[in-house]
Amino acid sequence: MFIRALHHVRSASSSSRLFSFEALVQAIKHGELEISSGIYQEHLHRRGLSSPCTIASISTSSNKGLSTSAFEAFFEDNEEGDASCIIQEKDYLRKSHNSKEGLYVLDLIDQGSIVPDHTLYNKLLKKCTDLGKLREGRMIHEHFLKSKFKSDVFTLNTIINMYTKCGSLNDAKKMFDEMPCKDMVTWTALISGYSQNERPEEALALFPQMIELGLKPNQFTFGSLLKASGSATTDTPGRQVHAFVVNCGYSSDVYVASSLVDMYARFDRIKEAQIVFDGMVSKNEVSWNALIAFHARKGEGKDALKLFWRMQREGFKPTHFTYASVFKACASTESLEQGKWIHAHMLKSGGKLIAFVGNTILDMYAKAGSIEDARKIFNRLESRDVVSWNSMLTGLAQHGKAREAVERFEEMLKIGVPPNYITFLCVLTACSHGGLVNEGLYYFELMKKYNVEPHVDHYVTKVDLLGRAGLLNKALDFIKDMPIEPTSAIWGALLGACRMHKNTELGIFAGERCIELDHTDSGPHIILSNIYASIGRLSDVARVRKRMREIGLDKEPGNSWVKIGNADHVFVANDDAHPLNEEIRKMWVKVSEKIKQAGYVPDTSHVLAFTDQQEREARLQVHSEKLALAFALLNTPPGTRILILKNIRVCGDCHSAIKFVSKVMERDIIVRDTKRYHHFSGGSCSCKDYW
DNA sequence: GTAGGGTTAG
């Protein structure tokens, strides 16, 4: 509107000035120019123009529309208006009227309606950067090169930045190479471009060249270099950059120091990270977040939470980044109570449930066994991204809700969220766990349609899908025809399926391939030795177990834990160290009699076949989940839901026993093992005995 | 004009 009015004003003007005051007055009288804001009205009023004016539309703030000073200048009858004030911000990237390709603002410049200065180009480029508009940015770049400002380094740097932020590093690099005069910002812009686009080597390689030219890096340069160093293969570059930081006197810059903390944390150098952190003269939220994120990544939930409370005691407000790490920490320590509390605390202090942090809350609830709460969070999310969907699908898959996972996945496709490779892993896992073979095969093929390249994990999941369903030969054929070399994980999936379906011959074949390719995992060794034991090939049992001993592999001792209130009660197999040992044993005897009456038959095939005395004794062990269950039954009121967590997978016999317990004792019991959740209720399990 | 911290799977 404003632009149109100015056109009118300009064409009506007979004077040599760009805009004439008289013409402007005419435009206002004809209602072509809409004016709002007190200050403008005052100007108009002084000139007796207030009544015919429509009061609306033009924003009063100086960065939108006509700035106050420009307007005043205009009324002082200046020779020319400031170009960047004449076009409103919302019109920066408006399309041309006469061509689909062009930009309106560029037309105006070409027509001479507005006279650009370099700030206009900068503003237009900034807009493209913020909105990720590469095509428009390129047009402005080309236009700029034809202008009289074409060698202005300031704007050229803005263009490099626009290209890197819009993801076109090639354009940025090309410009960089073509620039005859580069300053420190030029180098820094390109370094940050590489570092933000996960190309750390290229970012780091620029640094020595820059130094050689005698350019001095600043805090921006160091921030980017340290980010790049954090994803390098070793900590050597990071240490070198640190030395430069000290030399150049940037150690106490809060950006640089926070980046240093983060860089060291990424290489597990917690001591160094802590030293930098403690030595910071001024900290901000980011400094804390870097340290909290480190502990959250490491699964050190308690440390992360301690820092979370400490940062607030020291007067720092948690941000979305903080919450994301803290909820991850709660998820890894199963601190659901604490997590719920922090969730409430966040909402109370005005935190919104945006995807950024909502995803981690959803994940936390799902991991803590409450798929209902996870679902609620998903439904309440103010914004959803692909990670929200993936997290929901993962939760559903792990809780045995295969059908619902498939439905959600279809819904996601329907509303047009592009699935990524993790999405496909989630939905394939859901199908595999739920026995939805046809759906799984269909989704595997669907990856092509969405241009998702199958990764080795997808192949593993497909072998798992076929294998679990008993289609062992199909699984083997698939492995033979795969375009990639089978890995130990591929053979491991087949081995697991062979154990499940008691196919010794193929199991031995898969097991031997599996341990050939990776001898660091005890799981396949144990399964393989059990298969040999089951058919009496004791020399092979001895061979596999000897190899395990030689490379120092031990079966991870199985343990289970239950939370009663805020306390964790941990049990290992055959545990008699618990203070309530007597009562627990008695309870289990009582329970076990009850469930036997209900039809439970102990299944000894899950006891490992061992040969020596020590191991023979172990056969008599009472599995830890049974002890944990007995303890929970003793210590919780009738009817309450029991959650048991395990560090290894639940064994078949315990699985069957717990099903009976859920019926006989009328309890809902959830067991989380390393792979998934089992919801036992009324005598059956959500996994439908298919895991 | 240039900077640092987060989530899903395995």
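Small disclaimer: the values here were computed from a predicted structure and weren't measured. Order of the sequence lines sets the chain letters (A, B, ...), proteins ahead of strands, with each chain counted from 1.
Of the candidate nucleotides B/dG6, B/dT8, B/dG5, B/dT8 has the atom nearest to the side chain of A/Lys328. Residue A/Val185 has its side chain nearest to B/dT2 when only B/dT2, B/dG6, B/dA3 are considered. Residue A/Leu425 places its side chain closer to B/dG10 than to any other of B/dT8, B/dG10, B/dT2. In this structure, of B/dT8, B/dG10, B/dA3, it is B/dT8 that holds the atom nearest to the side chain of A/Val387. In this structure, the nucleotide among B/dG5, B/dT7, B/dG6 sitting nearest to the side chain of A/Glu285 is B/dG5. Distances were taken from every side-chain heavy atom of A/Thr429 (C-beta onward) to each of B/dT8, B/dG10, B/dG4; the shortest belongs to B/dG10. Distances were taken from every side-chain heavy atom of A/Asn390 (C-beta onward) to each of B/dT7, B/dT8, B/dT2; the shortest belongs to B/dT8. With B/dG4, B/dA3, B/dT8 as the candidates, the nucleotide lying closest to the side chain of A/Val286 is B/dG4. Side-chain proximity of A/Ser192 to B/dG4, B/dA9, B/dT2: nearest is B/dT2. Side chain of A/Ala324, nearest nucleotide from B/dG6, B/dT8, B/dT2: B/dG6.
In the interface, the side chain of A/Ser258 is paired with the base of B/dG4 through a donor and an acceptor atom under 3.5 Å apart. Judged by distance alone, with hydrogens and angles left aside, A/Asn289 brings no side-chain donor or acceptor close enough to the base of B/dG4 to form a pair under 3.5 Å. Counting atom types as modelled, A/Thr319 pairs a side-chain N or O with a base atom of B/dG5 as donor and acceptor under 3.5 Å.
With A/Asn390 as the partner, the side-chain contact (heavy atoms from CB on, under 4.5 Å) test is satisfied by one option alone out of A/Asp363, A/Ile422, A/Val417: A/Ile422. For the pairing with A/Val427, the side-chain contact (heavy atoms from CB on, under 4.5 Å) check across A/Phe409, A/Phe444, A/Trp389 returns one residue only, A/Phe409.
One atom, CG of A/Leu362, and another, C1' of B/dT8, lie 10 Å apart when rounded to the nearest Å. Per the geometry, NZ belonging to A/Lys227 stands 5 Å off P belonging to B/dG4, to the nearest Å. Here the P atom of nucleotide B/dT7 and the CZ atom of A/Phe327 are 13 Å apart, to the nearest Å. Nucleotide B/dG4 holds its P atom 16 Å from the OH atom of A/Tyr250, rounded to whole Å. A/Ile191 places its CD1 atom 12 Å from the P atom of B/dG4, with the value rounded to the nearest Å. In this structure, OH of A/Tyr323 is placed 17 Å from P of B/dG6, rounded to the nearest angstrom. Regarding A/Tyr459, its OH atom lies at a distance of 22 Å from the P atom of B/dA9, rounded to whole Å. Between the CE atom of A/Met175 and the P atom of B/dT2 there is a distance of 14 Å, rounded to whole Å.
Across all strands, A/Val261 comes closer than 4.0 Å to no nucleic acid atom at all (heavy-atom distances). Residue contacts shown for A/Asn122 are absent, as no nucleic acid heavy atom lies under 4.0 Å away. Residue A/Asn420 is out of contact with every strand shown, counting any heavy-atom pair closer than 4.0 Å. Counting any heavy atom pair closer than 4.0 Å across all strands shown, A/Thr188 reaches a base atom. Across all strands, A/Thr394 comes closer than 4.0 Å only to sugar-phosphate atoms, never to a base (heavy-atom distances).
Scanning for side chain to side chain contact (heavy atoms under 4.5 Å, CB included) contacts around A/Tyr421 gives A/Val452, A/His458, with sequence neighbours left out. Checked against salt bridge (Lys or Arg N to Asp or Glu O under 4.0 Å), A/Glu202 has the following partners two or more places apart in sequence or in another chain: A/Arg199.
In this structure, A/Phe321 does not count as stacked on the base of B/dG6 under the 5.5 Å centre distance and 30° plane angle limits. The aromatic ring of A/Trp288 does not stack onto the base of B/dG5, failing the criterion of a centre distance under 5.5 Å from the six-membered base ring together with planes under 30° apart.
Near-neighbour residues of DNA chain B inside residues 292-312 of chain A, defined by a heavy atom below 4.0 Å, number-ordered: A/Ala293, A/Arg297.
Annotation: cation-pi geometry satisfied between A/Lys283 and A/Phe277 (NZ/CZ under 6.0 angstrom from ring centroid, within 45° of ring axis). A cation-pi arrangement, defined by a distance under 6.0 Å to the six-membered ring centre and an angle within 45 degrees of its axis, is present between A/Arg384 and A/Phe378. Judged by a 6.0 Å distance limit and a 45° cone about the ring axis, A/Lys182 is positioned over the six-membered ring of A/Phe176.
Taking the six-membered ring for Trp and the full ring otherwise, the centers of A/Phe207 and A/Phe244 sit less than 6.0 Å from each other.
When side chains are defined from C-beta on, A/Met210 counts as touching A/Pro217, because their heavy atoms get closer than 4.5 Å.
Using a 4.0 Å cut-off between charged nitrogen and carboxylate oxygen, A/Glu314 and A/Arg310 count as a salt-bridge pair.
In terms of phosphate contacts, A/Lys165 brings a side-chain nitrogen or oxygen within less than 4.0 Å of OP1 or OP2 of B/dA3. At B/dA3, one or more side-chain N or O atoms of A/Gln196 fall inside 4.0 Å of OP1 or OP2 (strictly under the cut-off). OP1 or OP2 of B/dT8 has not a single side-chain nitrogen or oxygen of A/Arg384 nearer than 4.0 Å.
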